[in-house]
Amino acid sequence: KETDFIISMDIYVLNLFLERLRQDEILNKTTVADEEVEDYYQEQLKKMVQEKTDKEKDDKQKTGAVKEGANKGADISDKKKEPQNVSAMGKEEIRKWLFNEKSKAREREYFAEIRQKAKVKIYDESLNALPRDKAELFDKPIAEVNGEPIFGREVLNNLNVSKAQDEGAMTGVLDRLILHKILDNEAMGRKYGNDDKIKAKIKKYREMQLIEQFKRKAVLPGLKVDEK
């Protein structure tokens, strides 16, 4: 169907724009310096040594005094086994972990920024009545984001049936829908469609969709099964 083709294209384009928005606002603005990796490395090394020392003290307290000679031998053995690395985690793994943590922090920061700038209106009366009046409020706005409505059906469709009466769960769902709408608006307003790489991807996807549509309309109906 033509409608399905248009919806598919719209979703694909929006996802491309959202991917680019994440690249611009989150990934490109998240960095991990070599000093941070080294500091984390040394911090974990110190923790390992401290944990080992604490364990030795605890073991001595539990087992009691040991012969002096045995203690000296144990000390020499311990020194030989002193860890030189932070467990099995290499510095690249540390860098990846730090990047992941910092990108999450940048996400929260960015989401707060765009949420503050957006014009959001929540119809509390309709939201509170939604669990009781599902049919009546199904196609009515529960909130607006920059003038665009979020309908009752969107909240209900994203709400677990078992939590339909849970006010906190419903508010959580609405908050996510509001954020998604804000992100969609932000991505679509960036004019990423003018980027040559994105243009090429859209063109390729459109051609693929048209070919599939042609196959469904012209090729498949013409196939005949030879029954024997």
Side-chain angles (χ1 to χ4, degrees), residues 1-31 99-195 197-206 208-209:
K1 295 179 182 179
E2 185 67 24
T3 304
D4 292 339
F5 173 77
I6 294 172
I7 293 174
S8 177
M9 285 300 305
D10 287 345
I11 293 174
Y12 179 75
V13 170
L14 177 58
N15 285 334
L16 274 183
F17 289 4
L18 286 169
E19 184 182 323
R20 176 63 180 276
L21 179 67
R22 175 174 169 74
Q23 185 69 44
D24 287 349
E25 292 296 338
I26 309 300
L27 303 183
N28 289 353
K29 293 185 179 181
T30 302
T31 58
F99 186 89
N100 186 50
E101 292 300 305
K102 292 183 75 173
S103 64
K104 287 179 183 177
R106 171 55 191 158
E107 260 188 8
R108 291 191 293 271
E109 179 185 32
Y110 178 63
F111 290 168
E113 288 174 5
I114 59 176
R115 178 68 168 79
Q116 189 174 17
K117 289 190 300 181
K119 295 179 180 178
V120 178
K121 184 176 182 180
I122 298 174
Y123 300 106
D124 291 320
E125 188 175 337
S126 296
L127 179 63
N128 295 333
L130 190 57
R132 302 188 304 273
D133 305 320
K134 294 184 179 68
E136 183 182 342
L137 296 171
F138 196 75
D139 289 318
K140 289 189 177 180
I142 301 299
E144 285 186 7
V145 177
N146 296 327
E148 295 183 18
I150 294 176
F151 296 102
R153 63 175 178 272
E154 297 177 71
V155 177
L156 293 171
N157 289 341
N158 285 275
L159 187 66
N160 190 306
V161 177
S162 64
K163 296 183 178 180
Q165 303 298 324
D166 187 335
E167 185 177 333
M170 189 167 295
T171 301
V173 168
L174 182 58
D175 285 342
R176 287 196 298 275
L177 290 172
I178 288 172
L179 176 59
H180 292 167
K181 184 77 75 174
I182 293 172
L183 285 169
D184 291 351
N185 288 343
E186 190 73 16
M188 295 304 291
R190 292 291 182 101
K191 297 182 180 179
Y192 288 136
N194 295 331
D195 183 273
K197 290 183 179 179
I198 289 181
K199 279 182 181 179
K201 288 182 179 180
I202 294 172
K203 181 182 178 182
K204 183 178 180 180
Y205 183 79
R206 179 183 288 111
M208 289 171 56
Q209 290 297 104

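In this chain, numbering begins with 1 at the start of the sequence shown.
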Between Arg106 and Glu25 (salt bridge meaning N to carboxylate O under 4.0 Å), is one present in this structure?
yes
Do Tyr110 and Glu186 pass the side chain to side chain contact (heavy atoms under 4.5 Å, CB included) test, and can you show the C-alpha distance, the side-chain angles, and the key distance before you say yes or no?
CA-CA 11 Å; Tyr110 178 63; Glu186 190 73 16; 3.2 Å; yes
Evaluate the side chain to side chain contact (heavy atoms under 4.5 Å, CB included) criterion for residues Asn185 and Lys181: first the C-alpha distance (whole Å), next the side-chain angles of each, then the deciding distance (0.1 Å), finally the verdict.
CA-CA 6 Å; Asn185 288 343; Lys181 184 77 75 174; 4.2 Å; yes
Please report the C-alpha distance between Ser103 and Asn100 in whole Å, then the side-chain angles of each, then the deciding distance to 0.1 Å, and finally whether the side chain to side chain contact (heavy atoms under 4.5 Å, CB included) criterion is met.
CA-CA 5 Å; Ser103 64; Asn100 186 50; 4.2 Å; yes
Once you measure the plane-to-plane angle for Tyr12 and Tyr205, does it fall in the parallel (<30°), tilted (30-60°) or perpendicular (>60°) bin?
parallel
Which heavy atom of Gln209 sits nearest a heavy atom of Ser8, and at what distance?
NE2-OG, 3.2 Å
Is any NZ, NE, NH1 or NH2 atom of the basic residue among Glu109 and Lys29 found under 4.0 Å from an Asp or Glu carboxylate oxygen of the other?
no
Between Lys117 and Glu113, does any NZ, NE, NH1 or NH2 come within less than 4.0 Å of an OD or OE carboxylate oxygen?
no
Check: Leu27 and Phe99 side chains under 4.5 Å, non-hydrogen atoms
yes
When rounded to the nearest 0.5 Å, the distance separating CG of Asp175 from CD1 of Ile122 is 6.5 Å
Would the number of heavy atoms belonging to other residues, nucleotides or ligands and lying under 6.0 Å from NZ of Lys121 be above 12?
no
For Met9, is the CE atom crowded, meaning more than 12 foreign heavy atoms sit under 6.0 Å from it?
yes
Indicate the atoms forming the closest heavy-atom contact of Ile26 with Glu107, along with that distance.
CD1-CA, 3.7 Å
Do Tyr192 and Leu16 touch side chain to side chain, with heavy atoms closer than 4.5 Å?
no
Any chance you could measure Asp24, atom CG, to Phe17, atom CZ, to the nearest 0.5 Å?
12.0 Å
Just by distance, do the side chain of Lys134 and the backbone of Pro131 share a donor-acceptor pair under 3.5 Å?
yes
Judged by atom type as modelled, is there a donor-acceptor pair below 3.5 Å linking the side chain of Asp133 to the main-chain atoms of Glu136?
no
So how far is it from Ile142 CD1 to Leu127 CG, rounded to the nearest 0.5 Å?
6.0 Å
Working to the nearest 0.5 angstrom, can you tell me the gap between Asp10 CG and Phe5 CZ?
10.0 Å
Hey, could you give me the NZ/CD1 distance between Lys204 and Ile202, rounded to the nearest 0.5 Å?
13.5 Å
If you draw the axis of the six-membered ring of Phe151, does the NZ or CZ of Arg153 fall within 45° of it and under 6.0 Å from the ring centre?
yes
Determine whether Asn158 and Arg176 satisfy the following criterion, side chain to side chain contact (heavy atoms under 4.5 Å, CB included), listing intermediate values before the conclusion.
CA-CA 10 Å; Asn158 285 275; Arg176 287 196 298 275; 5.6 Å; no
More than 12 non-hydrogen atoms from neighbouring residues, nucleotides or ligands closer than 6.0 Å to NZ on Lys201, yes or no?
no
Closest non-hydrogen contact found for Ala143 with Leu174 is CB-CD1, 4.0 Å
Lys140 side chain to Gly152 main-chain N or O, any donor-acceptor pair under 3.5 Å?
no
Might you point out which heavy atoms bring Leu18 and Ala187 nearest each other, and give the distance in Å?
CD2-CB, 3.8 Å
Could you give the distance from CE (Met188) to CG (Leu183), rounded to the nearest 0.5 Å?
13.0 Å
